[in-house]
Amino acid sequence: MNDEAKSEIALLAEKQLTAYNNHDLDAFVACYHQEVMVLDADGKVTTKGLEAFRKNYEGMFAKGNFGATVETRIQFKDHCVDLEHWHRFRDGEEKRGTVLVRYRLRDGLIGTVQFLR
């Protein structure tokens, strides 16, 4: 898919993934709306607001040693869904997993992110 065909939300999903993989917390958080909501697989709000969102990631970004790749990205209107493979190193041990991540656009930024595990 060329950049011209990518929706605004797909471009934001790509931008935040790049910041994530570069361990750039400021650039990562800049992709999200001030009133961002993080939902679990059941739709329950686990984090609300940019300050709480940032705090959730501060420790991980400070330690580094993590990353993710997107195998498949589907975009439709103001939604984007990524099939994401992630990895992290904790206490000398590598952990890996796969998650489906849904993003929704709000006022030109990511307003909702839902992790479907």
Side-chain angles (χ1 to χ4, degrees):
M1 172 185 314
N2 62 36
D3 283 347
E4 294 82 37
K6 288 182 185 176
S7 67
E8 188 173 7
I9 190 62
L11 290 169
L12 280 165
E14 186 174 297
K15 184 177 178 182
Q16 65 86 43
L17 180 66
T18 298
Y20 181 87
N21 284 329
N22 289 333
H23 305 154
D24 185 340
L25 181 60
D26 291 334
F28 177 71
V29 171
C31 296
Y32 290 84
H33 192 275
Q34 188 67 30
E35 297 174 9
V36 63
M37 289 192 311
V38 179
L39 311 175
D40 68 12
D42 295 322
K44 178 184 171 201
V45 176
T46 60
T47 306
K48 188 171 184 178
L50 199 57
E51 185 177 327
F53 180 82
R54 183 183 188 90
K55 282 186 186 246
N56 282 349
Y57 285 94
E58 282 178 345
M60 186 173 73
F61 273 73
K63 291 177 186 174
N65 291 325
F66 63 88
T69 58
V70 170
E71 179 180 320
T72 305
R73 175 170 286 140
I74 300 169
Q75 59 184 22
F76 182 72
K77 298 184 181 182
D78 62 350
H79 296 271
C80 177
V81 179
D82 286 353
L83 178 60
E84 182 178 295
H85 302 287
W86 57 267
H87 67 275
R88 329 192 153 98
F89 292 91
R90 283 191 186 157
D91 304 322
E93 185 180 337
E94 183 179 27
K95 299 194 184 259
R96 294 183 171 274
T98 301
V99 63
L100 199 59
V101 186
R102 181 181 66 90
Y103 302 98
R104 185 166 185 193
L105 191 66
R106 179 175 177 187
D107 301 329
L109 294 168
I110 298 170
T112 305
V113 60
Q114 184 175 21
F115 295 97
L116 305 165
R117 299 180 196 269

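For the numbers below, each heavy atom of this structure counts, side chains included, while hydrogens, waters and symmetry mates do not.
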*Asks:* What pairs with E35 under salt bridge (charged side-chain N to carboxylate O under 4.0 Å, His left out), at least two apart in sequence or on another chain?
*Replies:*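 E35: salt bridge (charged side-chain N to carboxylate O under 4.0 Å, His left out) contacts with R106.
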*Asks:* Can you sort out the partners of F66 under ring-ring contact (aromatic ring centres under 6.0 Å, His included), two or more places apart, ordered by chain and number?
*Replies:*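 Result, ring-ring contact (aromatic ring centres under 6.0 Å, His included) vs F66: Y20, H23, F61.
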*Asks:* Listed by chain and number, what are the side chain to side chain donor-acceptor pair (under 3.5 Å) partners of D42, not counting sequence neighbours?
*Replies:*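 Expected list: none.
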*Asks:* Quick one: side chain to side chain donor-acceptor pair (under 3.5 Å) partners of T46, sequence neighbours excluded?
*Replies:* none
*Asks:* Can you name the side chain to side chain donor-acceptor pair (under 3.5 Å) partners of T47, sequence neighbours left out?
*Replies:*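 T47: side chain to side chain donor-acceptor pair (under 3.5 Å) contacts with N56.
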*Asks:* Applying salt bridge (charged side-chain N to carboxylate O under 4.0 Å, His left out), can you list everything that pairs with R54, at least two apart in sequence or on another chain?
*Replies:* D26, E58
*Asks:* Which hydrophobic side chains are connected to M37, either touching it within the sub-4.5 Å cutoff or through other members that do?
*Replies:*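 For the cluster that includes M37, the remaining residues are L39, V45.
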*Asks:* Which residues satisfy the side chain to side chain donor-acceptor pair (under 3.5 Å) test with R96, sequence neighbours excluded?
*Replies:*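 For R96, the residues satisfying side chain to side chain donor-acceptor pair (under 3.5 Å) (neighbours in sequence not counted) are E94.
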*Asks:* Run the side-chain donor-acceptor check on residues 77-84: report pairs under 3.5 Å with partners two or more places apart or on a different chain.
*Replies:*
from : atom 1 : to   : atom 2 : distance (Å)
D78  : OD2    : R104 : NE     : 3.3
D82  : OD1    : R73  : NE     : 2.7
D82  : OD2    : R73  : NE     : 3.4
D82  : OD2    : R73  : NH2    : 2.9

*Asks:* What pairs of residues pass the ring pair (Phe, Tyr, Trp, His ring centres under 6.0 Å) test when at least one of them lies in residues 92-117, not counting sequence neighbours?
*Replies:*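 Qualifying pairs: none.
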*Asks:* Distance from R102 atom CZ to I110 atom CD1, nearest 0.5 Å?
*Replies:* 12.0 Å
*Asks:* Just verifying a value: how many Å separate L100 CG and E71 CD, rounded to the nearest 0.5 Å?
*Replies:* 11.0 Å
*Asks:* I9, I74: one ILVMFWY side-chain cluster at the under-4.5 Å cut-off?
*Replies:* no
*Asks:* Would you compute the distance between atom CE of M60 and atom CZ of R88 and round it to the nearest 0.5 angstrom?
*Replies:* 5.0 Å
*Asks:* Name all residues meeting the side chain to side chain contact (heavy atoms under 4.5 Å, CB included) criterion together with A30; count only those two or more places apart in sequence or in a different chain, and write none if there are none.
*Replies:*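 So A30 forms no side chain to side chain contact (heavy atoms under 4.5 Å, CB included) with any residue.
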*Asks:* Would you find a donor on one side and an acceptor on the other, under 3.5 Å apart, between the side chain of Q16 and the backbone of C31?
*Replies:*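 No; zero donor-acceptor contacts below 3.5 Å.
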*Asks:* If you measure from CG on L109 to CD on Q34, what distance do you get to the nearest 0.5 Å?
*Replies:*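 That separation rounds to 9.5 Å.
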*Asks:* Could you note down all residue pairs passing ring pair (Phe, Tyr, Trp, His ring centres under 6.0 Å) where residues 32-55 supplies at least one of them, sequence neighbours left out?
*Replies:*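 Only F28-Y32, F28-F53, Y32-F53, F53-Y57 qualify under ring pair (Phe, Tyr, Trp, His ring centres under 6.0 Å).
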*Asks:* Give a yes or no answer on whether the side chain of N65 reaches the backbone of R90 with a donor-acceptor pair at less than 3.5 Å.
*Replies:* no
